[in-house]
Amino acid sequence: LSWLKDAGLGGKKTWDEAVAWASSLNSGNGFAGLKGWRLPSVHPACNSDTCSNAEMEYLYYIELKNVTDGPLTNIGPFTNLKGELYWSGIIAPVTPNNPDLTYWTFDFGGGSRIGDVKTSNNYAWAVRSGTRSY
């Protein structure tokens, strides 16, 4: 998996804007000459360092070796990685008790995934299949 090197490049956006921004990286010749950019995944059923089978959790816990409940102490080779919420490309199931909490984010300040309404402004960070940061 390849992450954009600048974790702040996408800035803060609503979920719809974040999806459109990641998709825009694929237009023309693509960003850095590469296509396939999208928002990363989270695991909707996990909230700890034992849930490393999704992209954001794997980066936070395994690659960067940060701990549950934070703070974000290691940003690795990335620039502008904030200890804040980042949108994922995963949409949560709608439940009767929380019909608006349907879009997953990952909290890089504490290492957990959090449902949020899609009109919130959270950071957007793109990934693609590959082995380098761009």
Side-chain angles (χ1 to χ4, degrees):
L1 188 69
S2 296
W3 296 78
L4 287 179
K5 184 171 181 79
D6 185 346
L9 185 66
K12 285 191 167 187
K13 301 180 174 333
T14 66
W15 189 82
D16 288 331
E17 291 168 342
V19 170
W21 169 77
S23 180
S24 76
L25 297 175
N26 299 311
S27 62
N29 290 328
F31 183 81
L34 301 166
K35 294 189 177 190
W37 297 100
R38 59 178 172 75
L39 296 179
S41 69
V42 294
H43 192 290
C46 294
N47 236 359
S48 74
D49 58 357
T50 61
C51 300
S52 59
N53 56 343
E55 294 157 350
M56 289 178 152
E57 288 93 333
Y58 189 86
L59 177 66
Y60 183 87
Y61 291 112
I62 306 302
E63 292 292 323
L64 299 179
K65 298 182 180 11
N66 289 297
V67 297
T68 303
D69 296 328
L72 176 66
T73 56
N74 183 9
I75 65 166
F78 303 105
T79 58
N80 299 312
L81 179 54
K82 313 288 186 206
E84 296 188 39
L85 298 179
Y86 283 78
W87 286 116
S88 81
I90 305 296
I91 300 172
V94 175
T95 64
N97 294 335
N98 291 312
D100 295 328
L101 297 179
T102 57
Y103 299 84
W104 289 118
T105 65
F106 187 81
D107 179 9
F108 275 89
S112 61
R113 57 116 183 108
I114 299 169
D116 204 351
V117 294
K118 72 180 196 171
T119 55
S120 292
N121 283 302
N122 297 314
Y123 280 97
W125 195 7
V127 297
R128 65 175 297 280
S129 296
T131 57
R132 294 185 7 214
S133 298
Y134 299 93

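One-based numbering along the sequence shown. Note that these values count all heavy atoms, side chains included, but never hydrogens, waters or copies made by symmetry.
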Taking [X] for its side chain and [Y] for its backbone only, find out whether a donor-acceptor pair lies under 3.5 Å.
| X | Y | answer |
| --- | --- | --- |
| Y60 | V67 | yes |
| N74 | N66 | no |
| K35 | G28 | yes |
| Y61 | G111 | yes |
| K5 | P77 | yes |
| S41 | A54 | no |
| N80 | D6 | no |
| T105 | I114 | yes |
| S24 | W21 | yes |

Among I91, D16, I90, find the residue that satisfies the side-chain contact (heavy atoms from CB on, under 4.5 Å) test when tested with Y103.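 Only one of I91, D16, I90 forms a side-chain contact (heavy atoms from CB on, under 4.5 Å) with Y103, namely I91.
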Please identify which of these residues, N122, L85, N121, meets the side-chain contact (heavy atoms from CB on, under 4.5 Å) condition with K12.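 With K12 as partner, side-chain contact (heavy atoms from CB on, under 4.5 Å) holds for just one option, N121.
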Could you tell me whether the side chain of [Y] reaches within less than 4.5 Å of the side chain of [X], counting heavy atoms only?
| X | Y | value |
| --- | --- | --- |
| V42 | E57 | yes |
| W3 | P40 | yes |
| F31 | L9 | yes |
| D116 | W87 | yes |
| L39 | Y86 | no |
| L81 | L64 | yes |
| L25 | L4 | yes |
| R113 | S88 | no |

Output field: ring centroids F106/W125 closer than 6.0 Å: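 Not under 6.0 Å, so no.
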Derivation of the side chain to side chain contact (heavy atoms under 4.5 Å, CB included) call for D107 and E84: CA-CA 5 Å; D107 179 9; E84 296 188 39; 5.6 Å; no
Quick check: closest heavy atoms across A124 and K13, and the distance to 0.1 Å?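 For A124 versus K13, the nearest heavy atoms are CB-CD, 4.2 Å.
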Closest contact, heavy atoms only, K82 versus F108: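 For K82 and F108, the tightest heavy-atom pair comes out as O-CB, 3.3 Å.
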Nearest 0.5 angstrom please: W104 CH2 to M56 CE, how far?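 With rounding to 0.5 Å, CH2 (W104) is 13.0 Å from CE (M56).
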